[in-house]
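In the text below, chain A, chain B and the rest are named by the order of the sequence lines, each starting its count at 1.
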There are 2 protein chains.
Amino acid sequence: MNRSAQVLATKLRTLSSLSAGDLELIDRVIPPASHYEARRDLIREGEVPQYVMLVVQGFACRYKTLRDGKRHLVALLLPGDCGDLHAPLLDHMDHGIATHTACLIAKIPREGVLDMLESPALEKALRRSTLVDEAILREWLLNIGQRRSEERLAHLLCELHHRLRAIGMAGEAGYDLPLTQAELGEIAGLSTVHVNRVVKELRRRELVYLRRGRVEIPDPRRLAWLCGFNANYLHQLAEAGTFS
Amino acid sequence: MNRSAQVLATKLRTLSSLSAGDLELIDRVIPPASHYEARRDLIREGEVPQYVMLVVQGFACRYKTLRDGKRHLVALLLPGDCGDLHAPLLDHMDHGIATHTACLIAKIPREGVLDMLESPALEKALRRSTLVDEAILREWLLNIGQRRSEERLAHLLCELHHRLRAIGMAGEAGYDLPLTQAELGEIAGLSTVHVNRVVKELRRRELVYLRRGRVEIPDPRRLAWLCGFNANYLHQLAEAGTFS
DNA sequence: CGCTCAGTTGAAACTCGTCAAAACACGTGG
DNA sequence: CCACGTGTTTTGACGAGTTTCAACTGAGCG
């Protein structure tokens, strides 16, 4: 099974169980990935999408910008995540997609997506994945709208812990997070300086140790309690994260 | 054509053009609506959805709550809007839906939705509608994350103006908005008091006159310019709002 | 008339943003 | 190996924006 297909399969299995036939189908329709540099636009606002992009390796994001250049990240795309399945339905993009780190991206042609939708299990997994994307958007909205900076960052870190663990990219007490504090600020709607102060405070309280791309969470339960994190909205299968 | 079907048709025609056959199909699968009081839960977080709810009359919303009782509205459902088409795919709701004003709600059974998805034009319209819902979420996230209170409220009022105009519920320079300032605050992530101050300031600058459920916008272009509003993300057809 | 709920106002406290500078990490080329 | 440059993290001081509390006004309704 090629690398791209494997990554997608891993992600989809966190949402629905797949048969051997499904895995073969995935392998057949997912093209090999190509390499992109860090911080590079994959598609810009206003452009017309041709493919569904699948992140195979690295971190990417969806973003929107304001006239004055302020940018807000409206989604984080982890390995296995992809752009909207029905994106081709919309004339033009209302947001951009960019790499964060260096990435491997597979461009799935329209027909490949349609083929996958033929399989009931894959259809279910793919549709669930778009529903989860939407659920995450709602949770982020709540996060920014109602929580204050400390809980806000804590909540974001909890979410990433869960999402990364589901795809085998995080351990019990920590994970690699290749995001600068400025970028965390662009997600959380906080200034870089304030993110830094919050990070410092979380460290002082021994809740999170964040430094140079690495997140350590000594007691995930305590952190989750602090910010009221509840993973329900991620709609992960119970056994997610336990397979190879 | 029954009332519920008519409302849905009006909404869908803002997204894709429908044939006479499509309209008949809609009429056949949409059941009559029933009445709900104002401020009543239609479905709560954690419950399992059985139907797709269609708002026929009145305003409803999706909301999420925090432990401490703070509530945030993550979507506003106007006449013609409905809950997620594939909601039944998810085990339990990660948010609640509630009426705002008194409402007429039609509960579309699963099979009705499937029937509509058979028609290419309806499928396109329905899928586009979920994509637009997601686009609105992203825009709200940007709005709360990056804009300050005045532009934030202005942007929200611009969006509602466009959405209501598309379904024939707003004129060139104003519309009825049955939301309290407290509720606007729950959307914008602002305290009631601050919403009030911003409303006052917008009135002073002759941008928006908001009082007792009525919004008057003497110069929509000027207001849109102030907050950087660009309707692209609503993906409305050009002729939206011009039909009966 | 008196109730209730929405809107309004002021003062004080607090959260967070801005500006500016310094400390630090990392990669590069000398 | 060190020096240098770039980009990220850290710090302090200050001010702007926003929340909170508490009281008051006004409209609608029984």
Side-chain angles (χ1 to χ4, degrees), chain A residues 37-40 59 66 68-73 99-102 143-157 176-205 208-216 227, chain B residues 37-39 59 66 68-73 100-102 143-157 176-205 208-216 227:
Chain A
E37 299 161 29
R39 290 160 206 247
R40 194 168 176 288
F59 280 43
L66 253 40
D68 62 7
K70 276 195 270 187
R71 186 173 84 146
H72 194 92
L73 304 192
T99 61
H100 233 102
T101 63
N143 205 24
I144 293 191
Q146 303 296 339
R147 285 191 257 257
R148 39 207 46 195
S149 56
E150 203 168 306
E151 310 154 42
R152 218 188 273 185
L153 267 189
H155 195 279
L156 176 59
L157 295 175
D176 289 325
L177 183 68
L179 296 179
T180 64
Q181 295 184 359
E183 289 160 340
L184 288 175
E186 286 179 318
I187 297 176
L190 296 171
S191 69
T192 310
V193 174
H194 201 65
V195 168
N196 184 271
R197 287 193 234 275
V198 172
V199 164
K200 182 180 168 189
E201 175 64 11
L202 289 173
R203 188 156 41 214
R204 192 191 65 73
R205 294 174 58 185
V208 178
Y209 298 95
L210 190 155
R211 59 196 182 297
R212 247 169 292 126
R214 178 77 194 169
V215 179
E216 299 288 351
C227 60
Chain B
E37 299 161 27
R39 288 158 209 249
F59 280 42
L66 254 39
D68 63 8
K70 274 196 271 187
R71 188 173 81 146
H72 193 93
L73 305 192
H100 234 100
T101 63
N143 204 24
I144 293 191
Q146 302 296 340
R147 284 192 257 258
R148 40 207 48 199
S149 56
E150 203 169 308
E151 310 154 41
R152 215 188 276 185
L153 266 189
H155 194 278
L156 176 61
L157 295 175
D176 289 326
L177 182 67
L179 296 179
T180 63
Q181 295 185 355
E183 288 160 340
L184 288 175
E186 286 179 317
I187 296 177
L190 296 171
S191 69
T192 310
V193 173
H194 201 64
V195 168
N196 184 273
R197 287 193 236 273
V198 172
V199 164
K200 182 182 168 188
E201 175 64 12
L202 289 173
R203 186 155 44 215
R204 193 192 63 74
R205 295 174 58 187
V208 178
Y209 297 95
L210 191 156
R211 56 196 185 297
R212 246 169 292 123
R214 178 76 193 167
V215 179
E216 299 287 352
C227 61

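Between Asn196(B) and dT8(C) there is a side-chain polar atom (N or O) within less than 4.0 angstrom of OP1 or OP2. Contact check, Ser149(A) against dC16(C): a side-chain N or O comes under 4.0 Å of OP1 or OP2.
In this structure, CZ of Arg147(B) is placed 19 Å from C1' of dT18(D), rounded to the nearest angstrom. Atom CZ in Arg204(A) sits roughly 19 Å away from atom C1' in dT9(D) (whole-Å rounding). We find that CG of Leu202(B) is positioned 15 Å from P of dG7(C), with the value rounded to whole Å. Taking atom NZ of residue Lys200(B) and atom C1' of nucleotide dG10(C), one finds them 10 Å apart after rounding to whole Å. In this structure, CD of Glu151(A) is placed 12 Å from C1' of dT15(C), rounded to the nearest angstrom. Taking atom NE2 of His100(A) as the reference point, atom C1' of dG7(D) lies 14 Å away to the nearest angstrom. The distance between atom CZ of Arg152(A) and atom P of dT18(D), rounded to the nearest whole Å, is 12 Å. Glu201(B) places its CD atom 15 Å from the C1' atom of dT8(C), with the value rounded to the nearest Å.
For Lys70(B) and Arg203(A), each mapped to the nucleotide of DNA chain D holding its nearest heavy atom, the one lying further toward the 5' end belongs to Arg203(A). Along DNA chain D, the nucleotide closest to Arg148(A) and the one closest to Arg212(A) are compared, and the more 5′ of them pairs with Arg212(A).
Considering only heavy atoms from C-beta on, Glu183(A) stays 4.5 Å or farther from Ile187(A) through its side chain. Val208(A) has its side chain within reach of Val215(A): a pair of non-hydrogen atoms, C-beta onward, lies under 4.5 Å apart. With a 4.5 Å cut-off on side-chain heavy atoms, Arg147(B) and His72(A) do not count as touching.
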Determine, stepwise, if the pair Leu184(A) / Leu156(A) fulfils side chain to side chain contact (heavy atoms under 4.5 Å, CB included). CA-CA 9 Å; Leu184(A) 288 175; Leu156(A) 176 59; 3.9 Å; yes
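Minimum interatomic distance between Ala188(B) and Arg152(B) (heavy atoms only, all atoms of both residues): O-NH1, 2.7 Å.
Side chain of Gln181(B), nearest nucleotide from dT9(C), dG7(C), dG17(C): dG7(C). Minimum atom distance to the side chain of Arg39(A) is reached by dT8(D), of the listed dT8(C), dA6(C), dT8(D).
Nucleic acid contact class of Thr180(B) (heavy atoms, under 4.0 Å, all strands): sugar-phosphate only. No engagement by Gly185(B) is indicated, since no non-hydrogen atom pair under 4.0 Å with the nucleic acid exists. Heavy atoms of Gly189(A) sit under 4.0 angstrom from primed sugar atoms or phosphate atoms, though from no base atom. Residue Val199(B) is classed as having no contact, given no heavy-atom separation below 4.0 Å to the nucleic acid.
Arg197(A) contributes a side-chain N or O that forms a donor-acceptor pair with the base of dT18(C) under 3.5 Å.
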